[in-house]
Amino acid sequence: MLFEPFAEQEINKQVRKAKAYNHSQMRKMYELAVEYAENKQFDDVRQELRLRFPSSMMGDAGQEIFPCTIPLTERFLAESATAYNKPVLRTLKEPDGSESDFSREQTAILQRALAESTYDEIMHQNERLSVLLGTSCVWYQAKHGKLRPVIVLPHDVYPIAPDDPAFMDPADPGDYHGFVVELFYQNEDLGKTQKRTFAMITPLETVFYTGYAPDELDKVISRHPNPYSWDHVEPSVDSQLDPQSKVQPGQMLTFWHRRKPLGELIIDTDPEVVLANREINIMWAVLFDNVRFQGHAIPVKRVMNPSDPKSKQRHGVRFPVVMDINESFDMVSAATNYTEQVQLIQSFMKNLAVSKRLSPNDFNMDQTIPGSGFSKYVDMLPKLEAREERIRRLTHLEKHEAWPRIFAVLSHLGVLSNDASRLIMDVKFASVELFQNVYEQAKQVQTDVSYNLTTPAHLYAEKHGVSLEEALEQIERNVDINTQFAPQPSNQTPAQA
């Protein structure tokens with residue numbers, strides 16, 4: 001397809017199969033979710049207040065309700081997307097699961113290459129988006145001689161149906177001809193009707209073009225053959241690839257789902273945490289506005305002549321109110337129970353945390369002291385179970401989606417050996433360490449040593465970051481010093497001891 005005559009007509013034919021149904025509504029909701037994830041809430045809350053309270057938001061006489069924002073979405077993502085908080089251990093092994101000198105050598109090269117490309121940091125952001133939106137995409141590229149994974153927002157992706165969709169699975173990315181990704185540049189204004197820039201990504205090539213919509217080709221900017229290939233377990237159902245070839249170019253755009261999709265490739269879901277965050281912002285803004293205008297007593301003058309200059313005088317401790325004998329002065333205060341309103345907001349936030357499989361204390365505002373040990377474990381149990389589900393899915397995606405593309409890019413760059421194609425990648429995520437007090441830590445160490453689950457040398461090496469040999473030497477020196485300066489019995493002299 002790269003150098004055929006009338007190639008632009010063929011590209012136009014494929015582009016017209018891009019599916020853009022219900023994309024505008026998805027884009028609206030997902031862009032709002034991304035803004036809340038980046039803690040950009042003020043403008044949205046102000047606009048929502050104007051829609052709900054138009055008479056109070058006219059902006060005159062100081063009656064406008066000032067927006068209040070709480071980074072609840074950011075907090076939710078910090079508590080939920082924790083798989084990549086600590087470095088992920090990736091090890092290359094032989095197909096039978098064993099390690100060889102060659103696999104260890106390639107593992108060291110792989111780990112250096114991933115560290116140079118800040119891969120774990122990118123995947124942490126990818127996990128945040130998949131938790132928030134249900135779907136996130138990663139486009140594996142190369143730039144400046146290094147691996148370059150690029151996160152693509154799901155509402156910027158338009159799937160292209162295959163030539164024969166009779167046996168395709170809509171939830172399988174491998175059954176599509178390719179995908180159109182919308183690109184944004186600084187000179188583009190979405191508020192104006194003008195040409196936009198897109199990239200059509202297929203296993204064979206990447207085409208950059210302009211158009212007013214993803215399925216309306218205006219001009220092809222450039223075309224680039226896909227140089228990345230690897231061993232496919234089974235041939236693709238798409239007719240553009242050779243069904244008899246095992247080593248073939250692959251689709252470099254991957255999809256990372258929060259859960260396995262049902263009948264759709266891009267999960268179209270409501271960002272319920274964001275919508276709840278908006279409601280809580282509105283509730284706090286209205287409550288603070290009530291405190292502003294009703295939380296303090298309001299002076300009321302009952303005067304005989306409102307035009308009298310004395311009725312317009314200042315009042316307070318510094319300026320006493322001077323009144324006639326028939327006039328009066330009162331202080332009026334509202335009977336609003338602010339404590340009950342705050343408790344209602346707190347209950348809403350705790351119920352939200354429970355519904356999202358978090359601990360109620362994760363959204364806690366009453367400064368309750370967190371527990372430790374077993375009590376902390378019971379409190380975090382729903383969150384830990386949800387984390388295990390995500391790690392199980394992330395492990396599968398790392399092994400079967402990410403590794404072939406990482407190998408394809410790094411082998412093309414000459415970083416990894418071509419023989420590493422036979423290797424498989426083992427992935428281990430760090431476990432969660434619960435807070436323990438001093439007594440709980442001492443009991444845990446005593447139990448592990450008593451049942452030969454570990455040794456003092458291993459504990460010393462882990463705590464001080466030294467090798468096992470250095471830990472053994474230091475423990476022997478500590479034993480000698482402690483024996484030398486150990487307290488002696490009162491009925492013996494040091495020489496007798």
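Note that OG of S117 and CD1 of I406 are 8.0 Å apart. Values are rounded to the nearest 0.5 Å. Between the CG atom in N482 and the CZ atom in R477 there is a gap of 13.0 Å [rounded to 0.5 Å]. The CD atom of E35 sits 8.0 Å away from atom CG of D43, with the distance rounded to the nearest 0.5 Å. Atoms NZ and NZ, on K383 and K356 in that order, are 14.0 Å from each other to the nearest 0.5 Å. Atom NE2 of H400 sits about 14.0 Å away from atom OG1 of T254, to the nearest 0.5 Å. Interatomic distance, CD of E127 versus OG of S80, reported as 9.0 Å (0.5 Å rounding).
Between F179 and Y176, the ring planes lie tilted relative to each other; the angle falls in the 30° to 60° range. Aromatic ring pairs are classed by plane angle as parallel below 30°, tilted from 30° to 60° and perpendicular above 60°; the pair Y209 and F198 is parallel.
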Next item on the list: Mind running side-chain hydrogen bond (donor to acceptor under 3.5 Å, both in side chains) on Q484 and D480 for me, showing each step along the way?
Entry: CA-CA 6 Å; Q484 179 180 358; D480 295 338; over 6 Å; no
Next item on the list: Take E94 and S100, measure what side-chain hydrogen bond (donor to acceptor under 3.5 Å, both in side chains) needs, and give me the verdict at the end.
Entry: CA-CA 7 Å; E94 297 293 341; S100 61; 2.7 Å; yes
Next item on the list: Could you go through the side-chain contact (heavy atoms from CB on, under 4.5 Å) check for I151 and C137 one step at a time?
Entry: CA-CA 6 Å; I151 295 178; C137 305; over 6 Å; no
Next item on the list: Before giving the answer on side-chain hydrogen bond (donor to acceptor under 3.5 Å, both in side chains), spell out for N281 and T69 the whole-Å C-alpha distance, their side-chain angles and the decisive distance to 0.1 Å.
Entry: CA-CA 5 Å; N281 290 341; T69 61; 5.7 Å; no
Margin query: With side-chain contact (heavy atoms from CB on, under 4.5 Å) as the criterion, how do V449 and T455 come out once you've worked through the C-alpha distance, each side chain's angles and the decisive distance to 0.1 Å?
Written below: CA-CA 6 Å; V449 174; T455 64; over 6 Å; no
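Looking only at distances, no side-chain donor or acceptor of N277 sits under 3.5 Å from a matching main-chain atom of V273. Proximity of a side-chain donor or acceptor of Q41 to a complementary backbone N or O of I70 within less than 3.5 Å is detected. Of the possible polar contacts, one joining the D172 side chain to the G174 backbone as a donor-acceptor pair under 3.5 Å is found. Judged by distance alone, with hydrogens and angles left aside, the side-chain atoms of E38 form no donor-acceptor pair with the main-chain N or O of K40 at under 3.5 Å. Side-chain atoms of D426 never come within 3.5 Å of backbone atoms of K93 as a donor-acceptor pair (strictly under, hydrogens ignored). Proximity of a side-chain donor or acceptor of T82 to a complementary backbone N or O of E79 within less than 3.5 Å is not detected. In terms of modelled atom types and a separation under 3.5 Å, the side chain of E264 and the main chain of P170 share no donor-acceptor contact. In terms of modelled atom types and a separation under 3.5 Å, the side chain of H257 and the main chain of L265 share a donor-acceptor contact. In this structure, the side chain of E470 engages the main chain of S467 through a donor-acceptor pair within 3.5 Å. Side-chain atoms of T118 do not come within 3.5 Å of backbone N or O of E121 as any donor-acceptor pair.
With a 4.5 Å cut-off on side-chain heavy atoms, R390 and V131 count as touching. Between L89 and Q111, the closest side-chain pair of non-hydrogen atoms falls below 4.5 Å. Side chains of V409 and M252 form a contact here, defined as non-hydrogen atoms less than 4.5 Å apart. Using a 4.5 Å cut-off on side-chain heavy atoms (C-beta onward), P149 and Y119 make contact. Looking only at side-chain heavy atoms (C-beta outward), Y228 and R405 stay at 4.5 Å or farther from each other. Side-chain contact between L110 and W403 is present, with heavy atoms from C-beta onward closer than 4.5 Å. At least one side-chain heavy atom of P271 sits less than 4.5 Å from a side-chain heavy atom of M29. Two residues are said to be in side-chain contact when any heavy atoms from C-beta on lie closer than 4.5 Å; T197 and I221 meet this criterion.
For G263 against A171, the heavy-atom pair with the smallest separation is N-CB, 4.2 Å. When all heavy atoms are compared, the tightest approach of Y30 to T269 is OH-N, 3.1 Å. Nearest heavy-atom pair, P203 versus N226, reported as atom, atom and distance to 0.1 Å: O-ND2, 2.8 Å. Taking all atoms of both residues into account, the shortest heavy-atom contact from D218 to G211 is CB-CA, 3.9 Å. The shortest heavy-atom contact between E398 and W256 is N-CH2, 4.1 Å. The shortest heavy-atom contact between L394 and A83 is CD1-CB, 3.7 Å.
Applying the ring-ring contact (aromatic ring centres under 6.0 Å, His included) test to residues at least two apart or on different chains, the pairs with a partner in residues 82-108 are Y84-F429.
Taking the six-membered ring for Trp and the full ring otherwise, the centers of Y140 and F407 sit at least 6.0 Å from each other.
A salt bridge links E389 to R357: at least one charged side-chain nitrogen sits closer than 4.0 Å to a carboxylate oxygen. R27 has a carboxylate O that lies under 4.0 Å from a charged side-chain N of E182, or vice versa, which qualifies the two as a salt bridge. Using a 4.0 Å cut-off between charged side-chain N and carboxylate O, R104 and D101 make a salt bridge. In this structure, R112 does not pair ionically with E116, as no charged nitrogen and carboxylate oxygen lie closer than 4.0 Å. The pair R278-D44 counts as a salt bridge, with a side-chain nitrogen and a carboxylate oxygen less than 4.0 angstrom apart. Between K443 and D448 there is no salt bridge, since no side-chain nitrogen of the basic residue lies less than 4.0 Å from a carboxylate oxygen of the acidic one.
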